[in-house]
2 protein chains.
Amino acid sequence: MVNPEVSSRINQDIAERKIIFILCSCTIEYRGRSRSNIGLGHRLIIIKQDTTVLVHSVTGFKPVNWMNTPTETVAEFGEELVLYSQRTKKPFEEMKVNVKDILDYRSYTSLRDDEKLDLTHTEKDLQEYLAKNPALVHPEFRLIGTEHQSPLGYFDLYGKIGEKYVVVELKVERAGLPAALQIKRYKEWLQGYIGEARGILIAPGITPNALALLKKDGIEYKKMNVEHLKIRHRKEKTLREWLQ
Amino acid sequence: MVNPEVSSRINQDIAERKIIFILCSCTIEYRGRSRSNIGLGHRLIIIKQDTTVLVHSVTGFKPVNWMNTPTETVAEFGEELVLYSQRTKKPFEEMKVNVKDILDYRSYTSLRDDEKLDLTHTEKDLQEYLAKNPALVHPEFRLIGTEHQSPLGYFDLYGKIGEKYVVVELKVERAGLPAALQIKRYKEWLQGYIGEARGILIAPGITPNALALLKKDGIEYKKMNVEHLKIRHRKEKTLREWLQ
DNA sequence: CATTAAATATCGTCC
DNA sequence: GGACGATGTTTAATG
């Protein structure tokens, strides 16, 4: 059963922008970009400082339901405790959590996390690295630009080999059909726009279907793994540059 | 400071597949598909029954770091408490959480959630609905099949209007350039394969660029919003069918 | 503010 | 188990 004292405390805690953890059994209804229902089960509700609401089940990476910031959440205590959340900007979304039983309720005022995640070895890092080391793309590759805009999208790398223009598409994971179709489009557009052109797909791996499509269209595939490249964490890099 | 008693208890709780919540300040290192570091801040660590590990900060939808199932996590208590997680299948991934201070530690044995999320008004629902109501696509549309396979991907709906073959692409959100290029490719392939063909893009909205591209290629756009369709929750539907 | 594309994407489904 | 595409994707960058 839900303790009435707890339920009255929730709205206070929400108003004070406390971070709130509620371990409970509940049912959930959602309606917005799609609709969902789920029956009774044990879940952890987290209301974060930025109004994000997460409802996590006992397994899985994704919350079973959630509301993104900015959201307004209110607790109502009638027959049972109900948490009602509504998105305060478009698109309209709402979530109702019917709480049957609270196993644990906790709220905190002064939790702080001012650190930013320093993430590297992403596609952006690979792009920057190859822009600085164009010979890794091809011994004769001369860079013209990165994120070069075309009507069909952005070329990761753009340059020349001899007299031919070259578009390069990068993937840090195994390339599939979508990546192959992307570079195919780019190369076709480039050929229509500028004459003969080359396309190079760089990835640590490729699916058979994707490779077949590249072969058919004369697009080159080059195996490269971002993991092995000497990319420093940005913070280290900043620090080193600062110290010089 | 970290209580040594707590740290010795963690491995026991992990071994017993308890669900574990640790509210703490910590730093985190991750290395695997990419790499990341983050400095000291307050975070909630969740170790779920399926070995999923989530580390949530005080804001945001996404965990600041995480490990997907299947993962093996061990707690080591040296100078400080360290949680080390390693993925037990490919790709290799590892995460180290250096815990400085535990604000709350909780573990539970008997939390259960056997319910499945009943999600509707997705693209799949729209596809099924239009397969049953082909006249909504076009008054004379006759369905041949759904998820019809081509070398370039799957056609959401495939059929005929008069003597012409028709490929239909569905989006439940506003269609952009990628969606327009997708239906364009499909129509082009169909024309090369079978002769004259039509393409129809169905979506609740479309970006100007995408619409321009469709016009240029003679592809039709039909505005439709899955929200307004009479799609029942699957559970209701099953129940009704069961009762008949 | 809208558009665009990456993501440690995750997740389900189909082959 | 691999491949493929949707996702209530979320998030960040960019014009």
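Proteins get letters first, then strands, A, B, ... in listed order; numbering begins at 1 in each. What you are looking at is a predicted structure, and each value in this text was computed from that prediction instead of being measured.
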| task | For A:Ala75, enumerate each residue passing the side-chain contact (heavy atoms from CB on, under 4.5 Å) test, keeping only those at least two apart in sequence or located in another chain. | result | A:Ile10, A:Asn11, A:Leu81, A:Leu83
| field | Pairs flagged by ring-ring contact (aromatic ring centres under 6.0 Å, His included) wherever residues 167-188 of chain B is involved - sequence neighbours left out | value | B:Phe155-B:Tyr186
| Does the side chain of A:Asn68 come under 3.5 Å of the side chain of A:Thr52 through a donor N or O and an acceptor N or O? | no
| field | Side-chain donor-acceptor contact under 3.5 Å, A:Asp156 with A:Thr146 | value | no
| said: Show me the pairs that pass ring-ring contact (aromatic ring centres under 6.0 Å, His included) and involve residues 27-58 of chain B, at least two apart or across chains. | reply: A:His56-B:His56
| Could you run down nucleotides 6-15 of chain D 5' to 3' and tag each one B, S or - for protein heavy-atom contact under 4.0 Å? | SSBSSS----
| task | Please measure how far the P atom in C:dT4 lies from the corresponding atom in D:dG8, and state the result in whole Å. | result | 22 Å
| task | Using atom types as modelled and distance alone, determine if a side-chain donor or acceptor of A:Asp217 lies under 3.5 Å from a backbone N or O of A:Leu214. | result | no
| query | Just by distance, do the side chain of A:Lys48 and the backbone of B:Ser57 share a donor-acceptor pair under 3.5 Å? | reply | yes
| Nearest-Å distance once atom P is located in both C:dT8 and D:dC4 | 22 Å
| Contact boundaries on DNA chain C for chain A, cut-off under 4.0 Å to non-hydrogen atoms | C:dT4 to C:dC11
| said: Please classify the nucleic acid contact of A:Arg87 as base, sugar-phosphate, or nothing, using heavy-atom distances under 4.0 Å. | reply: nothing
| query | Which pairs count as side-chain hydrogen bond (donor to acceptor under 3.5 Å, both in side chains) when at least one residue sits in residues 82-92 of chain A, sequence neighbours excluded? | reply | A:Thr73-A:Ser85, A:Tyr84-A:Gln86, A:Tyr84-A:Glu94
| Is atom CD of A:Glu72 surrounded by more than 12 heavy atoms (other residues, nucleotides or ligands) closer than 6.0 Å? | no
| query | When we call it a touch if two heavy atoms are under 4.0 Å apart, what does B:Gly153 touch: a base, just sugar-phosphate, or nothing? | reply | sugar-phosphate
| message | Applying a 4.0 Å non-hydrogen cut-off, can you work out what A:Pro178 is touching in the nucleic acid: base, sugar-phosphate, or nothing? | response | sugar-phosphate
| Within the side chain of A:Asp50, is there an N or O that forms a donor-acceptor pair under 3.5 Å with the backbone of B:Gly60? | yes
| Just checking, is any N or O donor in the side chain of A:Glu29 or A:Asn65 under 3.5 Å from an acceptor N or O on the other one? | no
| query | When you measure from every atom of DNA chain D, which of residues 44-52 of chain B have a heavy atom less than 4.0 Å away? | reply | none
| message | Does anything in residues 197-209 of chain B come within less than 4.0 Å of DNA chain C? Heavy atoms only, and list the residues if so. | response | B:Pro208, B:Asn209
| message | Just to be sure I follow the notation: if a pair is Watson-Crick (purine N1 to pyrimidine N3 plus N6-O4 or O6-N4) or a G-U wobble (N1-O2 and O6-N3), each under 3.5 Å, what dot-bracket string does DNA chain C give, with | for pairs to another strand? | response | |||||||.|||||||
| request: Report the residues that fulfil side-chain contact (heavy atoms from CB on, under 4.5 Å) with A:Leu23, sequence neighbours left out, ordered by chain and then residue number. | output: A:Leu44, A:Leu103, A:Asp104, B:Phe21, B:Tyr108, B:Leu111
| said: The criterion is ring-ring contact (aromatic ring centres under 6.0 Å, His included); which residues satisfy it with A:Phe92, sequence neighbours excluded? | reply: none
| query | By ring-ring contact (aromatic ring centres under 6.0 Å, His included), which residues pair with B:Tyr221, not counting sequence neighbours? | reply | none
| request: May I ask you to check whether A:Thr120 and A:Asp125 show a side-chain donor-acceptor distance below 3.5 Å? | output: no
